[in-house]
Amino acid sequence: MKVQDIKEIAQRMDISCGKLKKGELIRLIQSKEGNIACFDSGQSSRCGQGGCLWAEDCN
């Protein structure tokens, strides 16, 4: 997913994007959704969030 798309999602959730990096922004969105903020943490194979919006870009 492109950073601009992620920023649009964040803005809809009232999250200030500022100068956050892609991973930081996604983790904030995950937290706001009530999910584990695990994006790009090396836990994708065991996080248990198979339907996660960010799974395609995660490791």
Side-chain angles (χ1 to χ4, degrees):
M1 185 176 297
K2 294 179 182 178
V3 174
Q4 186 57 41
D5 297 330
I6 297 166
K7 286 182 178 183
E8 289 174 13
I9 292 169
Q11 289 171 344
R12 287 194 301 262
M13 299 177 84
D14 294 323
I15 297 172
S16 177
C17 299
K19 295 185 178 189
L20 296 173
K21 295 179 181 176
K22 179 180 178 177
E24 294 169 325
L25 192 52
I26 290 173
R27 286 188 291 276
L28 281 175
I29 292 169
Q30 287 178 312
S31 292
K32 183 106 176 192
E33 292 174 325
N35 294 316
I36 299 167
C38 60
F39 179 79
D40 203 22
S41 65
Q43 300 180 38
S44 64
S45 64
R46 58 185 182 275
C47 73
Q49 298 183 78
C52 177
L53 180 63
W54 319 106
E56 185 177 310
D57 291 335
C58 193
N59 65 17

Inset, instruction - Return yes if some donor-acceptor pair links the side-chain N/O of Gln11 with the main-chain N/O of Ser16 below 3.5 Å, else return no. - result: no
Inset, instruction - Determine whether Ile6 and Ile36 fall in the same hydrophobic cluster, where Ile, Leu, Val, Met, Phe, Trp and Tyr are linked whenever their side-chain heavy atoms lie under 4.5 Å apart. - result: no
Legend entry - Nearest heavy atoms of Ala10 and Leu25, plus distance in Å: CB-CD1, 3.8 Å
Legend entry - Sidechain-backbone polar pair: Arg27 side chain, Ala37 backbone, donor-acceptor under 3.5 Å: no
Legend entry - Carboxylate-amine/guanidinium contact Asp57 Lys22, below 4.0 Å: yes
Inset, instruction - Starting at CZ of Arg12, measure out to CD1 of Ile29 and round the result to the nearest 0.5 Å. - result: 9.0 Å
Inset, instruction - Would you please test Cys52 and Asn35 for side-chain contact (heavy atoms from CB on, under 4.5 Å) and show each step? - result: CA-CA 9 Å; Cys52 177; Asn35 294 316; over 6 Å; no
Inset, instruction - Take Met1 and Leu53 through the test side-chain contact (heavy atoms from CB on, under 4.5 Å) and record every step on the way to the result. - result: CA-CA 9 Å; Met1 185 176 297; Leu53 180 63; 4.0 Å; yes
Inset, instruction - Report yes or no: do Trp54 and Met13 belong to one cluster of Ile/Leu/Val/Met/Phe/Trp/Tyr joined by side chain heavy-atom distances under 4.5 Å? - result: yes
Legend entry - Test item: Ile9 and Ile26 side chains (from C-beta on) under 4.5 Å apart, heavy atoms: no
